Structure formats: C-alpha cells, structure tokens
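What follows is a set of notes on a single structure, which appears directly below.
As the structure lists them, so they are numbered: ligands from 1, and atoms in each ligand from 1. Here the structure is a predicted model, which means the values were calculated and not measured.
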Amino acid sequence: MTHPVILAHGGAGAPNEDSDGPQSACVTGMKFLTDGQLDAALRAVIEAAVVLENDVRFNAGTGANCRLDGSIQMDAILATSDGRIGCVAAIERVRNPIRVARLVMDSPHVMLCGPGATQFAHHRGVPDDTPITDKAKKRLADALERLKTGQLRPTERKWQGRDMHGTIGAVARAADGSFAVSCSTGGTSMMLPGRVGDSPIYGAGTMCGEHGAVCATGDGEEIIRRLCSMRVYLRLAEGMEPQQACEIEVANFPEPYTLGLIAVSRTGHGMAATANKMARGMLENRS
Ligand code: ASP
C-alpha cells in the first residue's frame, strides 16, 4: 500500500494566481481517492476534471475556446494504469467532455471524434448543451482581429497565421498503487474546425501505466511531435523522480512554444511549466 496523491493543472500559461481552481479540484478528487470504493484513482481524476471543466477561468468544458468558425469543439481523455483508455476529439454540444470519455472507455472503442462522438454522448443520455461563454466569444474576436491585422503572437506565426491555449488535467495515485490521468481542453485560440490537439492523444498529451501517470498542456502540435507525456513516462519507468522528469522535458521544449506537465510515480510527484507559469494544485493523504 502507498499513500494517495492527486495533482491538477489549469493549463500552461494559466495564471499561477488561479491555482485555487486546480487546488479545489484536488480536494474534490481526494474525496474519491480515499472513499474506499473501487477505481479510486479513475474516479478521482474524473471528478477533479469536472471541477475544472465547470470553472469558466479554464479552457475546457464551460470555458472552452471557440474555433475560428465560432463553433466549440473539445478534446478529452481518461487512462488508467490497467490499460483502459477512453477519449473524445472535436466533440460538440456537451458540457463535460470528460464524462463522455468515461463512457467511451466502457465501449468497444478507444476514441470517438466529431459528430460521431457528439451523437454517442447524446444517445447515452448526456444533455445537449453548448458551453459558450462571453469570454470565449471575446477571445475569438481578438484572435480574428490579430489575424486581420497580422499582429500575431510568436507562436501564431504559422498562421501568418495562432496562442491563447489552456487545458485542464489531473493525475492520481490511489492507495493500492494504481494510477489514472484525465485531460480536457477547448484547444487553442486559433484553430480550424476539426483540429485535434495533443490532449486526447495517448503518449502525447497523456500517458498512464504501471510506473505512473503524466498529463501535458501547452502547444499541442509541438507536444504531439515530441510525444512529451510518453518521454516523461519512460523516465519514470527508469526510476527518475517525476519532478526531474518533467523539468527535463520542459527545458528541452523548443521556443517560443509553451509546455506544462504534471506527473506522479510510485515514489513521488512533480510539475513544471515553461516560465513556471501554470495554475496548479496538489494534495497528499499520509494518514
Ligand atoms: N494542449 C492543448 C491543445 O493544443 C492546449 C493547451 O494545453 O493549452 O489543444
């Protein structure tokens, strides 16, 4: 037996002052980690993610960014150390994509995307609901303005055309030594409809196995190219402490792109982010 621990983040680049959000997600997650019921780590990361998806400050669920066409399409994933994975990509018209990822986990598939994912969710009783906020509309208007005027941020030059990302995620270790990870995002601010980032891609945005759980946030296309979560996980498998494993990955990430990571292993936990900027939380129960 080990002691339960949960970490959560509100996105690379999300102000550290907003860390009360991820911290309260950890408090909620910890209740599930310690309630003595089955699947503690999985239930903990789901409920932690729901807290953050429902917090308009973070770019997931209710706070999700709009695509350039004004639509809201979201990505989310859940994975456990016993090999269960459920993900949705570019899903629309649901408030909590992470709950749909849980339903996919129990289906014959690993990932559902686009209208198929939305249809699946509604058939399974998930309410039809578009979580669009005034903040998301304003971010879209600002992004369109930057495109029009050519005043793009360094990471947006490919659009000459893209930033303003954000994601939420949680990793947990239960008392029985099992791990789970959740990740949910509204993507970046300049995105075509249909774009899928790193978050729902196992090995890129998340990774979970017998050695631990890892969750990434930041510039999705770069995270996919480098399979960041897999690389951190492989360091955990070699026995490196999660803090060091995360720091190495962040230090090697190419400028001007942004990366944030949270990780937990059998022996420890860690988090790191570009310029140390990422709303974050952590809770351990040693009793
Ligand atoms: N990684 C997310 C994406 O590219 C965004 C983020 O984490 O900030 O969709």
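Contact check on Asp20 versus Arg57 returns a salt bridge, with a Lys/Arg side-chain nitrogen under 4.0 Å from an Asp/Glu carboxylate oxygen. A salt bridge links Glu249 to Arg235: at least one charged side-chain nitrogen sits closer than 4.0 Å to a carboxylate oxygen. We find that Asp39 and Arg84 are joined by a salt bridge, their nearest charged nitrogen and carboxylate oxygen being less than 4.0 Å apart. A salt bridge is absent between Asp35 and Lys31; no separation between the charged side-chain nitrogens and carboxylate oxygens falls under 4.0 Å.
Judged by the shortest distance from any of its heavy atoms, Ala12 lies outside the 4.0 Å radius around the atoms of ligand 1. Remark: distances from the non-hydrogen atoms of Gly11 to ligand 1 are all 4.0 Å or more.
Leu42 CG to Leu78 CG: the interatomic distance, rounded to the nearest 0.5 Å, is 6.0 Å.
By the 3.5 Å distance cut-off applied to N or O atoms, Ala216 is not counted among the residues near ligand 1. Residue contacts with ligand 1: Thr217 is placed with a nitrogen or oxygen under 3.5 Å of a nitrogen or oxygen of the ligand (distance criterion only). The distance criterion of under 3.5 Å between nitrogen or oxygen atoms is met by Arg195 with respect to ligand 1. Ligand 1 has a nitrogen or oxygen under 3.5 angstrom from a nitrogen or oxygen of Thr167. Between Asp198 and ligand 1, an N or O atom pair is found at a separation short of 3.5 Å.
Hydrophobic cluster membership differs between Leu68 and Ile132, with clusters built from Ile, Leu, Val, Met, Phe, Trp and Tyr side chains linked at under 4.5 angstrom.
Residue contacts with ligand 1, taken as heavy atom pairs separated by less than 4.0 Å, do not involve Met278 at all.
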